[in-house]
Amino acid sequence: MAASIVEHGEDAFRKLFKFYKRRKPPPDFSDVIDFSKGLRNEKVFSTELSPAAVSESDARLAGLQPVRDWKAFGLQGYPGFIFISNPFLPGTQQYWVKQCMKVYPQKPNVCNLDMHMSASETGHIWEDSTQLMRSKVSGKREPKTLLEKLRWVTLGYHYNWDTKTYSAEQHTPFPADLHTLSNHVAAACGFPGFTAEAGILNYYRSDSSLGIHVDESELDHSRPLLSFSFGQSAVFLLGGARREDPGTAMFMHSGDIMVMSGPSRLLYHAVPRIVAAPAGAPLPPPLLQGPDQDTPTDCLAQRVQEGDWAVCARYIQTSRINMTVRQVLGPGQTFPSVTQRRAESANAQTYHEVESEEDEDSNAKKRRNGSDSSVKS
């Protein structure tokens with residue numbers, strides 16, 4: 001049982017991470033919290049949101065249910081942590097999956113493929129991949145398309161994986177639709193005026209995992225970190241402010257949103273495992289749903305063409321996409337000078353990446369130039 005290793009002491013969090021990551025024998029998931037079941041116990045409690053902060057029409061335009069209908073939870077011992085169980089309207093998750101696959105990887109945004117391919121080779125990732133993906137035969141080993149090689153995409157202020165920093169020089173316009181979605185979610189959770197300035201999209205295959213880390217590179221930690229999950233389910237671990245603190249395991253299903261704010265903003269966390277879908281279940285149920293008959297034409301659910309979704313659905317059958325959105329700068333803040341950044345980067349802690357099930361040491365050189373299958377967060 002996982003509970004037997006959830007204890008204080010040296011490397012308690014890493015032990016829990018390894019427990020859920022192992023393949024043989026597979027781990028026991030009985031201690032993993034499943035918010036979709038609406039359970040409330042000594043650790044899980046309902047969280048009050050702010051329905052008046054987002055109008056019903058604004059929520060609908062972003063593909064969200066009215067805030068009063070959201071199911072939000074908190075965890076004892078984790079002040080500032082909010083888990084929202086799939087608040088999306090039927091048919092709208094497809095829109096965000098499509099954006100993550102067709103729109104957001106395109107230039108001027110940056111992706112892992114740019115680290116070892118020319119701009120001309122990565123300029124049309126969707127167009128260069130869709131025909132082959134449509135014609136692939138299930139179960140047959142075929143060369144991977146560029147879409148299937150995606151591990152991460154950065155938006156807005158682009159995170160520098162070498163210096164572990166953001167800068168004014170590395171910036172492109174943040175997507176307006178994702179900014180609106182993030183602003184509404186933050187406002188509903190008590191953070192009006194949240195400005196989405198940086199995004200990291202992670203593309204997880206079935207053998208991927210996200211190493212233990214803290215998201216601390218943003219200059220303003222008073223604003224929340226938002227995490228949106230689509231596709232296959234994952235086990236998420238939330239720990240403490242120290243590596244020695246124990247962790248809590250929970251499922252993230254398609255459409256779930258996590259908000260890390262206040263004391264929870266700088267806690268260690270990780271994703272040790274993508275959970276295989278049950279046999280005969282090609283897609284998570286929310287991604288099989290179409291829009292309701294009375295879904296208005298201005299809703300995002302109406303903006304995904306059948307041909308585009310056929311490609312996305314094929315990909316998401318075995319994959320998970322996660323969008324994390326951050327506000328980098330607080331009111332009146334500016335980026336440090338180049339000299340200051342160099343001094344800070346020299347003292348930066350090692351950043352933990354999303355790892356596939358390969359030996360970390362043997363892939364160190366590959367990760368530095370972005371040529372392996374790892375993704376980062």
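Residue numbers count from 1 along this sequence.
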Find the distance between [atom1] ([X]) and [atom2] ([Y]) and round it off to the nearest 0.5 Å.
X	Y	atom1	atom2	result
L16	L237	CG	CG	5.0 Å
D28	Y20	CG	OH	7.0 Å
I321	Q232	CD1	CD	11.0 Å
I82	I257	CD1	CD1	11.0 Å
R265	H221	CZ	NE2	5.5 Å
K37	S85	NZ	OG	12.0 Å

May I ask you to decide if [Y]'s main-chain N or O and [X]'s side chain share a donor-acceptor pair within less than 3.5 Å?
X	Y	value
D58	V54	no
R14	I212	no
T47	G74	yes
N112	L150	no
D308	Q305	no
R151	E148	yes
Q317	P282	no
H253	F251	no
Q94	Q289	yes
T92	F88	no

With the side chain counted from C-beta on, respond yes when [X] and [Y] share a heavy-atom pair under 4.5 Å apart, and no when they do not.
X	Y	value
K102	T130	no
I316	S254	no
L75	M250	yes
F228	S182	yes
W126	V103	no
R23	R273	yes
D34	F29	no
C111	Y203	no

**Message:** Using the rule side chain to side chain contact (heavy atoms under 4.5 Å, CB included), only one of I125, T122, L132 pairs with L146; which is it?
**Reply:**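 Answer after filtering I125, T122, L132: I125.
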**Prompt:** Would Q170 and S167 count as having a side-chain donor-acceptor pair, cut-off 3.5 Å?
**Reply:**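 Their side chains do not contain a donor-acceptor pair, so the 3.5 Å distance test is not met.
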**E218 versus Y166, side-chain donor and acceptor atoms under 3.5 Å** =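 Yes, a side-chain donor-acceptor pair sits under 3.5 Å.
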**Message:** Checking I200 against R326 for the side-chain contact (heavy atoms from CB on, under 4.5 Å) test, could you report, in this order, the C-alpha distance in whole Å, the side-chain angles of both residues, the deciding distance, and whether it holds?
**Reply:** CA-CA 9 Å; I200 298 179; R326 310 114 189 277; 3.9 Å; yes
Can you see which heavy atom on [X] is nearest to which on [Y], and at what distance?
X	Y	answer
S229	M252	CB-CE, 3.6 Å
V185	L64	CG2-CD1, 4.3 Å
H158	N109	CE1-CA, 3.9 Å
T154	W161	CG2-CZ2, 4.1 Å
L49	A188	CB-O, 3.4 Å
F335	A168	CD1-N, 3.5 Å

**Message:** Are F73 and F45, when compared by the centres of their aromatic rings, separated by less than 6.0 Å?
**Reply:**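 No.
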For [X], enumerate each residue passing the ring-ring contact (aromatic ring centres under 6.0 Å, His included) test, keeping only those at least two apart in sequence or located in another chain.
X	value
H179	none
H171	Y157
F83	F35

Please list, chain by chain and in numerical order, all residues satisfying side-chain hydrogen bond (donor to acceptor under 3.5 Å, both in side chains) with [X], sequence neighbours excluded.
X	result
S222	D220
H184	none
Y104	D177

**Prompt:** Name the one of N322, D256, T324 that satisfies side chain to side chain donor-acceptor pair (under 3.5 Å) with S227?
**Reply:**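 It is N322, the one option of N322, D256, T324 that forms the side chain to side chain donor-acceptor pair (under 3.5 Å) with S227.
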**Enclosure of K107 NZ (heavy-atom neighbours >12, cutoff 6.0 Å)** =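 It does: K107 NZ has more than 12 such atoms within range.
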**Prompt:** Do F17 and Y268 pass the ring pair (Phe, Tyr, Trp, His ring centres under 6.0 Å) test, and can you show the C-alpha distance, the side-chain angles, and the key distance before you say yes or no?
**Reply:** CA-CA 11 Å; F17 178 88; Y268 282 99; over 10 Å; no
**Request:** Please confirm whether R223 makes a cation-pi placement over F191, using NZ or CZ under 6.0 Å from the six-membered ring centre and within 45° of the ring normal.
**Result:**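 Relative to the ring axis of F191, which defines the angle, R223 lies outside at least one limit.
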**Prompt:** Which is it for Q93 and N86 under the side-chain contact (heavy atoms from CB on, under 4.5 Å) test, yes or no, and what are the steps along the way?
**Reply:** CA-CA 9 Å; Q93 287 191 41; N86 184 19; 3.1 Å; yes
**Request:** Evaluate the side-chain contact (heavy atoms from CB on, under 4.5 Å) criterion for residues V271 and R320: first the C-alpha distance (whole Å), next the side-chain angles of each, then the deciding distance (0.1 Å), finally the verdict.
**Result:** CA-CA 12 Å; V271 178; R320 170 181 180 254; 4.3 Å; yes
**Asked** Can you list the steps and then say if Y78 with K43 is a side-chain contact (heavy atoms from CB on, under 4.5 Å)?
**Response** CA-CA 10 Å; Y78 297 98; K43 194 158 193 174; 4.1 Å; yes
**Request:** Output yes when K164 and E216 qualify as a salt bridge under the 4.0 Å nitrogen-oxygen rule, no when they do not.
**Result:**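 E216 and K164: not salt-bridged.
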